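Below is one structure, written out as C-alpha cells, with a few remarks after it.
None of these values were measured; they are calculated from a predicted model. Below, chains carry the letters A, B, ... as their sequence lines are ordered, and counting in each starts from 1.
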There are 4 protein chains.
Amino acid sequence: MTEAEDRTDPRIERSRRVVRQAALAELAEVGYGRFTIESVSARCGVARSTIYRHWPDKLTLIADALQTLNRQPGPADAAGETSPRQRVRQLVRHLAEAFRESIVADCLPAIIEAAAHHRDVRDFHHQYNASRRRALVEAIAAGIAAGDIADDVDPALAALALAGPIVYRRLMTGDSFDPNQVDQLIDLVLGEPPARSPDTGC
Amino acid sequence: MTEAEDRTDPRIERSRRVVRQAALAELAEVGYGRFTIESVSARCGVARSTIYRHWPDKLTLIADALQTLNRQPGPADAAGETSPRQRVRQLVRHLAEAFRESIVADCLPAIIEAAAHHRDVRDFHHQYNASRRRALVEAIAAGIAAGDIADDVDPALAALALAGPIVYRRLMTGDSFDPNQVDQLIDLVLGEPPARSPDTGC
Amino acid sequence: MTEAEDRTDPRIERSRRVVRQAALAELAEVGYGRFTIESVSARCGVARSTIYRHWPDKLTLIADALQTLNRQPGPADAAGETSPRQRVRQLVRHLAEAFRESIVADCLPAIIEAAAHHRDVRDFHHQYNASRRRALVEAIAAGIAAGDIADDVDPALAALALAGPIVYRRLMTGDSFDPNQVDQLIDLVLGEPPARSPDTGC
Amino acid sequence: MTEAEDRTDPRIERSRRVVRQAALAELAEVGYGRFTIESVSARCGVARSTIYRHWPDKLTLIADALQTLNRQPGPADAAGETSPRQRVRQLVRHLAEAFRESIVADCLPAIIEAAAHHRDVRDFHHQYNASRRRALVEAIAAGIAAGDIADDVDPALAALALAGPIVYRRLMTGDSFDPNQVDQLIDLVLGEPPARSPDTGC
DNA sequence: CGCTAACCGAGACGGTACGTCCCGTCTTTAC
DNA sequence: GTAAAGACGGGACGTACCGTCTCGGTTAGCG
C-alpha cells in the first residue's frame, strides 16, 4: 500500500487532501442541506471537475472525507499506569470534550442525516461509534475484573448510560455535556467507587 | 380567537393539514437532503403554488409541520395509582417505544440536521425534548421524595442517563434500544429498587 | 338597446367603464407583453374576480376596451364649406395628429401584436382602419369628381400613399410624421393643386 | 479577432445559432405575447438552462435573434446596368415581396410591440428600417440627378410615400401590398416616367 | 533533458428544484 | 343576491447547482 501510494501523482494526493479538508469544513459550517460541491470547490480552489474526477458524487465525497477522521484518539493513548476506573473516566471525559467542540461534533448532525439515507456514511458512522464504545466497554469490564466496579454492572449497558447523556445533550438540547460533570455521571452509573482507600489513589 | 378561526376558509385549513402530513411523511422517508416541495406537492395533490402561498420556504414548512407533532402524550396520562418508580418506568419505556418506530423517530435525523442551521426547527426540537425530559425529571424527583429512589441521585443527571442510551442507540448505532431492557437500565441508573427489606440490600 | 342598457345595474356599467379605461391606460403604458389583469385591477380598484366576470380573458378585455374608442372623429365632422381637397387635407392632418399623440397611437403596437394572434382584436383593428381609410378614399374620389384632383389618380392607392407614411413614421422610426408636412405629402401624391389655370397642367 | 473567434467553443456557436433560429420561428408563429423560452427550448432541443446561460432574459434573446437578420439584401445587389428609376422599382418591389412573406414580416408585429418597451429591440428595429429606407432615398436622389424623376420631388418624403403603403397594408389591413401594384404606386408618387425626350420636361 | 501521459482548470451542456408572479377558475364571506 | 376577497391548480419565469462532458494547458516522471 505504501508503495502504491508513493507511486500516485503528488498532484492527486494534494487535491484529495485539500478537497477533503474543505469538505469537512463546509459540512461543519453549512450542514448537509446546503453542502455544495461548488462551495467546496471555491473554498479550496480545486476545480469542480477535478472534484468530480475523484469522487462520483456529493455523498461519496462526504463519506470519504469522514473516513479521514477515523484516527482513533489512541485506545491506550495515555493509558499509562492508571486504574481501570480512571481509564473509564478518561474515555468519557474525552468523549465529552470532543462533543463540546471539534470538527466531528460540528459535522454530527450532517453525518446523522446522511447516514439515514446513504449506506457508506451509515457504515462509517456506526463503525466509528462502535469502536469508540468498544473501548469504553472494555475499560468497564476491566474495572469489574479488577473489583473496581460492582460486578452486577452490564458493561455494554453501562457504556450506553455513560455515552448516551453526552450525545443527548449535544443533539437534543441547546448545550453540551459539561466535562466536569463526568465524575458525577460515572458515580451515578457505576456506583460510588469502592471505599477501600480512595484517598490513597492519586 | 375561536370565532376568528372559525371564520377561516375551510379550504385553507384543509390544505394546511394535508400538506403538513405529507411533509412529515416525506421527511421521514427521504430525509432532509432530498426533501422537495415538489414531492410534497405530488404526494398530497396540493399545487406547489398553494404550498408556497402558505409557507415561504421549505424550512418553514418543515418547522411548522413538526410543530403539529407537539401534542404531548399526556404528562399524567395513565398516572393512575402507580408508584413513582413505575411512573419513571412508564416514561422511559414510552420513549424507547417511540424511538423504535414513529414518525418523529423517523424524522429525527432530518430534524437534527435542520435544527443545526435553522432557528425555528432548533427551537421546536429543543423545547420538545425539554418538555419530555422535564416529565422524567419530575417523576424521578417524586420517587426520591417517596423514598422509592436513593436520595443521592441527581434527578436531572439521572434523566439524562435514562434517556441518553435510547437516543444513542437510535442515532449512533444500527438498531434501537430494546424496550425490554428498560428495567435493567433503570436499575443500573437509579439503583436496585428497595425490596421488602431495603436494609438487607448490599 | 337603450332600454336594455337602462336596466343594467348602474354598478355594472360603472365597473365596465373604469375597467375599460384602466385597460387602455395600462396597454398604452406597459404594452401588450406586460399587460396584466392584476395591474388593471389595481389601477382602477375593481377586484380581479369582477373583471373576469365581465370579460372571459385578457384579450377579450383588450378588444372590448378598444371598441369604445370606435368613436369616429365624425366623417362629415367639420365638413362645412370646404373644398374636397381641403377635406382630404383635413383627414390626413387629423390622422397625423392622432398618431402623434393619443391613447390609440400609444396602444398601436399592442394592438398590432394582439391582432396578429387574436381574431377579435384583428377584426376591430382592420375595421377601424378600413373605416378611416374609406373616408379618405371618398374624399379623394370627390376631389377627382370636382376636378380638384387629376383623374388618373387611383383613390384607393392614393389613400394608402397618404396614410402609409404616417403609419410608417410612427411604427418603423423613432419619431412621428410632422402634421405640417401633410401639405407637402398631399402635393406629392395628388399632384400640385390646380392653380388658376388648370388646363396649363399637362 | 478572427483568431479569437476561432477559439470559441464550437458548442457555443452551435447553441447560439439554433436557439436564435428557433426564437425567430417562435416569434413569427406565436407572437410576442406567447413567446416562451420553454417553447424555444423545446423547438430546438437546447436546454432551458443553456439558453439562460447565453441570454439573460427573453427580450435580450429576441433582440439578439433579430440582429442576425441584419444581413441587408445587398444595396447594390443586382444593381447591374439598370436606370435609377429601375433601381427604385427594384427596391420597392423587394420590400413588397419581403412584406408578403418572410420571417421578418411575420415577426413584425412582435418586433413593433417589443420595440415599444425595450431599448435594444427598438434600436435594432429603427436602424434596420433606416438602412433600408436610406437605400431607397439614395436611389430616388440618383433618379432626380439623372433627370429620371422630377426635381421637385423630396426624396425622403417620396421614400416614405413608397414604403408607407406597403407597411400600412401589412399592419393595418388584412392583406399585403401586391407587388404587381408597385409600378402603379411609383408612377403615382414619382410621376409618370419621362417619355421619349425627358429633357423637354419642365 | 525532452516526451508523453496524466492531471488540471475552465466551463458548456442537459437537467431538476427553487421561490416568484400571474393566469383563469372557483368558493366563501360580507354588505 | 351580488360584488369583493382571495384560495386554488397551473405554468413560465429567471436562478442555482447538479453530474456529465469536452476542451487546451501544465506538469510530473520515464526513457
Side-chain angles (χ1 to χ4, degrees), chain A residues 7-16 34-42 45-61, chain B residues 6-16 34-42 45-61, chain C residues 9 11-12 14-15 34-42 45-61, chain D residues 7-16 34-42 45-61:
Chain A
R7 288 177 210 277
T8 59
D9 193 319
R11 287 170 299 177
I12 294 182
E13 212 48 44
R14 188 254 167 201
S15 291
R16 287 202 142 98
R34 296 185 194 268
F35 181 94
T36 272
I37 296 274
E38 201 120 330
S39 318
V40 175
S41 163
V46 171
R48 219 158 54 80
S49 55
T50 302
I51 298 181
Y52 279 112
R53 200 170 293 121
H54 295 309
W55 297 274
D57 58 33
K58 207 157 73 163
L59 272 170
T60 309
L61 167 57
Chain B
D6 282 358
R7 285 175 213 277
T8 60
D9 194 320
R11 289 171 297 176
I12 294 181
E13 214 48 46
R14 189 254 169 200
S15 292
R16 287 202 141 99
R34 296 186 196 270
F35 181 94
T36 272
I37 295 272
E38 205 116 333
S39 318
V40 175
S41 164
V46 170
R48 216 160 57 82
S49 58
T50 301
I51 298 181
Y52 279 111
R53 201 170 292 121
H54 294 305
W55 296 275
D57 57 34
K58 210 158 70 162
L59 271 171
T60 308
L61 167 57
Chain C
D9 191 320
R11 287 173 302 178
I12 293 181
R14 188 252 168 203
S15 290
R34 295 185 194 269
F35 181 93
T36 271
I37 296 275
E38 200 119 331
S39 318
V40 176
S41 163
V46 171
R48 220 156 55 80
S49 54
T50 303
I51 297 180
Y52 279 111
R53 194 170 303 115
H54 296 311
W55 297 274
D57 59 33
K58 208 157 74 164
L59 272 170
T60 308
L61 167 58
Chain D
R7 286 175 211 278
T8 60
D9 194 322
R11 289 172 298 177
I12 294 181
E13 215 47 47
R14 190 255 170 198
S15 292
R16 288 200 141 100
R34 296 186 196 271
F35 181 93
T36 273
I37 295 273
E38 204 115 336
S39 319
V40 175
S41 164
V46 170
R48 213 161 59 83
S49 57
T50 301
I51 298 181
Y52 279 112
R53 200 170 294 121
H54 293 304
W55 297 274
D57 58 33
K58 211 157 67 164
L59 271 171
T60 309
L61 167 58

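- Between D/Glu38 atom CD and D/Ile51 atom CD1 the span is 9.5 Å, to the nearest 0.5 Å.
- Distance C/His54 NE2 to F/dA3 P: 6 Å, rounded to the nearest Å.
- Nucleotides of DNA chain E nearest to A/Val46 and D/Ile12 differ in position, and the one nearer the 5' end is that of A/Val46.
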Open item on the list: At under 4.0 Å between heavy atoms, how does the protein contact nucleotides 20-25 of chain E? Give one character per nucleotide, 5' to 3', with B, S or -.
Closed with: B-SSBB
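- DNA chain F contains the following stems of three or more consecutive Watson-Crick or G-U pairs, with both distances under 3.5 Å: E:1-31 with F:1-31.
- For E/dA12, the OP1/OP2 oxygens have no side-chain nitrogen or oxygen of D/Ser15 closer than 4.0 Å.
- In this structure, the side chains of B/Val40 and B/Lys58 stay at 4.5 Å or more apart for every pair of heavy atoms.
- Contact annotation for D/Ala47: base contact, defined as any heavy-atom pair under 4.0 Å involving a base atom.
- Between D/Ser15 and D/Thr50 the shortest heavy-atom distance is OG-CG2, 4.2 Å.
- In this structure, B/Gly45 reaches the sugar-phosphate backbone alone: every heavy-atom distance under 4.0 Å involves primed, P, OP1 or OP2 atoms, never a base.
- Here the P atom of nucleotide F/dG29 and the CD atom of A/Glu13 are 12 Å apart, to the nearest Å.
- Regarding contacts with the backbone of F/dA4, a side-chain N or O of C/Thr50 is found under 4.0 angstrom from either OP1 or OP2.
- If you take CZ on A/Arg16 and CG on A/Leu61, they are separated by 11.0 Å, rounding to the nearest 0.5 Å.
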Task: side chain to side chain contact (heavy atoms under 4.5 Å, CB included) evaluation trace for A/Arg53 with A/Val46 - done: CA-CA 11 Å; A/Arg53 200 170 293 121; A/Val46 171; over 6 Å; no
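- Nucleotide F/dT2 holds its C1' atom 15 Å from the CZ atom of C/Arg14, rounded to whole Å.
- Atom pair B/Arg34:CZ and E/dC18:P shows a separation of 13 Å (rounding to whole Å applied).
- In this structure, the CD1 atom of C/Ile51 is 10 Å from the P atom of F/dA4, given to the nearest Å.
- The CD1 atom of B/Ile37 sits 8.5 Å away from atom CZ of B/Arg48, with the distance rounded to the nearest 0.5 Å.
- Rounded to an integer number of Å, the gap from CG of B/Asp9 to P of E/dC26 is 16 Å.
- Look at CZ on B/Arg11: it is 8 Å from P on F/dA7, rounded to the nearest Å.
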